[in-house]
Amino acid sequence: MPIKQHKDKPVVVIIGLGYVGLPLALLVAKKNYQVIGIDIDAEKIAKLKKQQTIIKDRQIIQDLKTTPLEVTTDFTPISKASIIIICVPTPIYDNNLPNLEPIKSACHNLAPFLHKNQLVILESTVNPGVCENIILPILEQQSSLIGGKDFYLAHCPERINPGDSKWNVSNINRVVGGLEIKSLTKAIKFYQSILSAKIKAIGSLKETEAVKIVENSFRDINIAFVNELAMSFSQLGIDLVNVINGCTTKPFSFLPHYPGCGVGGHCIPVDPYYLIEYAKKNNFFHNFLILARQINNQMPQFTAELTIKGLKEAGIPIKNTKVAVLGLAYKPEIADCRESPAWGIIKNLTNNNITVMTYDPFVPDHSSALSLDEAVKDAQAVVIATAHKAFTKLSPKFFLKHQVKVVIDGRNCLTKKQFIDTGIIYKGIGR
Ligand code: SAJ
């Protein structure tokens, strides 16, 4: 069906309709714009045409039903757009090197339709230099236009926090950078027209790219700090969670982070590698960021070793013992399993000839058990890898009913003192 042009509304095209692009498209469509969402995934587009999505977010599901959104796999509508926003993934390869192929492909797809006075905005998270050294050359070479003169280029890194009911695409403060002043001004004007949040102009594209990478690297190193403490305090018999809660009584200059079975998601465990690699290419080695990544990547193995230690303390043979891993998503109340620590825990246990059953109510397709009871049935040990509400309320009574001897609380989300004197061996991460 031909894309209808609302004469009185400027057209905004959003490339990439995932966790970032879809909420943004729905927000912009509620404002005074005609929005056309483009995605290369035909199945995703077919679902969206029926107002359906695999993203388990109540607001998105509701907005899809009420918001006019044209979606297509065809890039032609870009020629009708005033603004084109790139919201494609920026993952890493198995060797932890940045994978910019989705960004490059989006640029190659959009360039043929680029024309004068259009504004291209990148929202995907990238290392400094990507806008000017990767995106700009592709757009200029394939369109024979000049960035900053014929078309405009800006960066406004996304700050979506999946599963967060308070902070959403419309109220999270944003930073914006431009190739030059006109690009910056146009981008700020656009975000001012759609957001109810503060918008801060940053000096350059590189600095704007650096803001997001630094934000998420900051979180990764802080989590690594408490994860290293957890491994140390496990040896010392000190409850780290109590210690951190003590630290939080200091009313300034302490920001709590908590130990766990690992760092998952498409942001925190990924973004630091973009800076590590970019700096390496410029002869600087981020030893601290690299070490933090190594510590956090070690946590799934640490959790599996804790499980084996608990089985041995309970006098249970390891080989062919059944262990239930509860939780596959990387954080509570969402279905996203990207870079989830659960995969590392499962791999480590399986490598020790342990039979692993998995259950995650948000991820039925990847769960080996259809229910919590089925997962835990005949399990000698249970590992909680995600603090879903369905798991955090589990009491010793539930585990005793299933004759579970060992409980490994990978998210320190159970009430530890309830397990004392029950005969169950309870181990948390750092407590
Ligand atoms: N985690 C810990 N200990 C902590 C915090 C998190 O082990 O103290 C683990 C989580 O279990 C999870 C991983 O780290 O496996 C990432 O958790 P996250 O809360 O950082 O969740 P994300 O990945 O969804 O991060 C997003 C990010 N938002 C954007 O990149 C736009 C991040 O910048 C936010 O700080 C984060 O949400 C947030 O604060 O919730």
Side-chain angles (χ1 to χ4, degrees), residues 18-21 23-24 55-57 87 89-92 123-126 155-169 171-175 197 208-231 240-241 243-245 247-248 254-275 292-293 295-300 302-303 327-345 360 362-363 384-388 391-392 409-413 428-431:
Y19 283 87
V20 175
L24 178 65
I55 299 175
K56 292 190 173 73
D57 178 298
C87 300
T90 46
I92 48 175
E123 283 221 357
S124 307
T125 305
V126 290
H155 179 43
C156 179
E158 59 88 6
R159 283 178 166 165
I160 293 288
N161 184 18
D164 190 327
S165 54
K166 180 180 175 204
W167 296 106
N168 55 55
V169 63
N171 67 7
I172 295 173
N173 295 340
R174 305 290 285 270
V175 294
T208 311
E209 291 161 327
V211 165
K212 178 68 185 294
I213 296 287
V214 167
E215 281 170 3
N216 285 355
S217 299
F218 171 84
R219 192 159 172 81
D220 196 45
I221 57 177
N222 276 283
I223 297 169
F225 171 52
V226 291
N227 279 337
E228 183 179 74
L229 284 174
M231 292 187 278
L240 176 60
V241 176
V243 171
I244 292 168
N245 291 339
C247 295
T248 57
F254 181 80
L255 181 64
H257 287 74
Y258 295 92
C261 58
V263 175
H266 54 293
C267 302
I268 311 304
V270 170
D271 296 352
Y273 287 120
Y274 273 73
L275 177 56
R293 289 277 71 245
I295 291 170
N296 288 334
N297 286 340
Q298 190 182 338
M299 297 315 286
F302 176 77
T303 305
L328 298 174
Y330 78 86
K331 75 177 190 179
E333 306 306 304
I334 66 169
D336 193 343
C337 302
R338 283 177 287 182
E339 309 290 330
S340 174
W343 306 129
I345 296 168
D360 185 321
F362 286 83
V363 196
I384 294 191
T386 315
H388 288 316
F391 306 144
T392 58
D409 188 356
R411 292 298 176 193
N412 294 329
C413 60
I429 307 295
R431 66 167 183 161

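First listed ligand is number 1; within each ligand, the first listed atom is number 1.
Salt bridge annotation for Glu158-Arg174: absent, with no cationic side-chain nitrogen under 4.0 angstrom from a carboxylate oxygen. Between Lys166 and Asp164 there is no salt bridge, since none of the side-chain N atoms of the basic residue sits less than 4.0 Å from a carboxylate O of the acidic one. Classification of Arg159 and Glu215 as a salt-bridged pair holds, one side-chain N sitting under 4.0 Å from a carboxylate O. The pair Arg431-Asp409 meets the salt-bridge criterion, since a charged nitrogen lies less than 4.0 angstrom from a carboxylate oxygen.
The proximity of His257 to ligand 1, defined as any non-hydrogen pair under 4.0 Å, involves the side chain as well as the backbone. Residue contacts with ligand 1, taken as heavy atom pairs separated by less than 4.0 Å, involve Glu158 via backbone and side-chain atoms alike.
Looking at Gly264 next to ligand 1, an N or O pair under 3.5 Å apart turns up. Of the polar atoms of Arg159, none of the N or O atoms is found under 3.5 Å from an N or O of ligand 1, judged by distance alone.
If you number the atoms of ligand 1 from 1 as listed, the ones under 4.0 Å from a heavy atom of Lys212 come out as 29 (C), 30 (O), 31 (C). Per-residue contacts place Ile160 under 4.0 angstrom from the following atoms of ligand 1 (heavy atoms of the residue considered): 28 (N), 29 (C), 31 (C). Ligand-side atoms of ligand 1 in range of Lys331: 21 (O), 22 (P), 24 (O), 37 (O), 40 (O), range being under 4.0 angstrom from any heavy atom. Of all atoms in ligand 1, listed by their number and element, those nearer than 4.0 Å to a heavy atom of Pro162 are 24 (O).
Taking every heavy atom of both residues into account, Pro162 and Tyr330 meet most closely at CG-OH, 3.6 Å.
Gly262 counts as a contact of ligand 1, since one of its heavy atoms falls under 4.0 Å from the ligand. Between His266 and ligand 1 there is no heavy-atom distance shorter than 4.0 Å. For Arg411, the closest heavy-atom approach to ligand 1 falls below 4.0 Å.
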